[in-house]
**Student:** 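Pasting a structure here, questions to come.
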Amino acid sequence: MAQNPAYEMIWQVIGAIPTGRVATYGQIAELAGIPGGARMVGRCLSQLPVDSQLPWFRVINASGKISLPIDSEGYKKQHELLQEEGVVVMNGRISLAKFRW
DNA sequence: CGGGTGACTATAA
DNA sequence: TTTATAGCCACCC
């Protein structure tokens, strides 16, 4: 699991994101008590198993975009899952209305 | 201990 | 708007 206690907090914060809303890496890090720990959040997600129950797809970068290569499987999956929850993605960018929670 | 890396960000041009 | 730079921090050689 997590050798770093911060990971527990990160998972907890991500799990608290309401359906149909999204949050940025920086936001999550801050709420988890790790100011400036955006990269840690990203690292945490990159190690997440594919069968994780965590709503990792509700996590986007500060530009309101999906932080994955547009030609990757992860991108397509995240885009699809968000669309199912009613999150509007136009021109590769998340609607600002859903940006904060 | 030092250097490279990455699902990040803020700032400057 | 896009690209470049510089901080950032855990992790892996």
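Lettering of chains follows the sequences in order, A, B, ..., and the numbering in each one begins at 1. Computation of the quantities below employed the complete heavy-atom set of this structure, encompassing side-chain atoms and omitting hydrogens, waters and symmetry-equivalent molecules.
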**Student:** Are A:Leu48 and A:Ile28 connected in the hydrophobic side-chain network, where two residues link if heavy atoms are under 4.5 Å apart?
**Tutor:**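 In one cluster with A:Leu48: A:Ile28, yes.
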**Student:** Rounded to the nearest Å, what distance is computed from the CE atom of residue A:Met9 to the C1' atom of nucleotide C:dA10?
**Tutor:**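 A:Met9 atom CE is separated from C:dA10 atom C1' by 18 Å.
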**Student:** So A:Tyr75 and A:His79, would you call those rings parallel, tilted or perpendicular, with 30° and 60° as cut-offs?
**Tutor:**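 The arrangement is parallel - the two ring planes meet at less than 30°.
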**Student:** Nearest to the side chain of A:Trp56 - B:dA7, B:dA10, C:dC8?
**Tutor:**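 Of B:dA7, B:dA10, C:dC8, B:dA7 is nearest to the side chain of A:Trp56.
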**Student:** Could you tell me the separation between the CG atom of A:Leu45 and the P atom of B:dC8, rounded to a whole number of Å?
**Tutor:**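 So the two atoms are 9 Å apart, to the nearest Å.
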**Student:** So what does A:Gly26 hit on the nucleic acid, given a heavy-atom distance under 4.0 Å: a base, only sugar-phosphate, or nothing?
**Tutor:**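 Counting heavy atoms under 4.0 Å across all strands, the contact made by A:Gly26 is with sugar-phosphate only.
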**Student:** Distance criterion of 3.5 Å, no angle test: do you see the side chain of A:Arg39 paired donor-to-acceptor with the base of B:dC8?
**Tutor:**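 A donor-acceptor contact between them is present.
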**Student:** Could you please name the option among C:dC9, B:dT9, B:dC8 that lies closest to any side-chain atom of A:Met40?
**Tutor:**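 In terms of side-chain proximity for A:Met40, the closest of C:dC9, B:dT9, B:dC8 is C:dC9.
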**Student:** Is the phosphate of B:dG6, meaning OP1 or OP2, less than 4.0 Å from a side-chain N or O of A:Ser46?
**Tutor:**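 Checking A:Ser46 against B:dG6: no side-chain N or O falls below 4.0 Å of OP1 or OP2.
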**Student:** Output the rounded distance in Å from CG (A:Leu68) to P (B:dC8).
**Tutor:**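 These atoms are roughly 8 Å apart.
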**Student:** So which nucleotide from C:dC11, B:dT9, C:dT1 ends up closest to the side chain of A:Asn4?
**Tutor:**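 Selected nucleotide (nearest to the side chain): C:dC11.
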**Student:** What does A:Phe57 touch in the nucleic acid at a heavy-atom separation under 4.0 angstrom: a base, only the sugar-phosphate, or nothing?
**Tutor:**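 Since no nucleic acid heavy atom lies under 4.0 Å of A:Phe57, the category is nothing.
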**Student:** Is the shortest side-chain N to carboxylate O distance from A:Glu73 to A:Lys76 below 4.0 Å?
**Tutor:**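 Result for this pair is yes, salt bridge flagged.
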**Student:** A:Ile94 has an atom CD1; how far is it from atom C1' of B:dA7, in whole Å?
**Tutor:**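 For the pair A:Ile94 CD1 and B:dA7 C1', the rounded distance is 14 Å.
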**Student:** Rounding to an integer number of Å, can you tell me how far A:Lys65 NZ sits from B:dA7 C1'?
**Tutor:**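 It works out to 15 Å between those atoms.
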**Student:** Nearest whole angstrom, please: distance from the C1' of C:dT1 to the CG of A:Asn91.
**Tutor:**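 A:Asn91 atom CG is separated from C:dT1 atom C1' by 12 Å.
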**Student:** Does A:Tyr75 contact B:dA7 through a side-chain donor or acceptor facing the base, at a distance under 3.5 Å?
**Tutor:**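 Counting by modelled atom types and ignoring angles, no donor-acceptor contact under 3.5 Å is found here.
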**Student:** If you check every side-chain atom of A:Arg93, which of C:dT1, C:dC11, B:dA7 has the closest atom?
**Tutor:**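 Of all the options, the side chain of A:Arg93 is nearest to C:dT1.
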**Student:** Hydrophobic clusters here meaning ILVMFWY residues chained together by side-chain heavy-atom distances under 4.5 Å, can you tell me if A:Ile94 and A:Trp56 are in one?
**Tutor:**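 As far as the 4.5 Å side-chain criterion goes, A:Trp56 and A:Ile94 are connected within one cluster.
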**Student:** Do A:Gln78 and A:Leu68 have side-chain heavy atoms sitting under 4.5 Å apart?
**Tutor:**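 Result yes, sub-4.5 Å side-chain heavy-atom pair found.
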**Student:** To the nearest angstrom, how far is A:Ile66 atom CD1 from B:dG6 atom P?
**Tutor:**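 Rounded to the whole Å, the gap is 20 Å.
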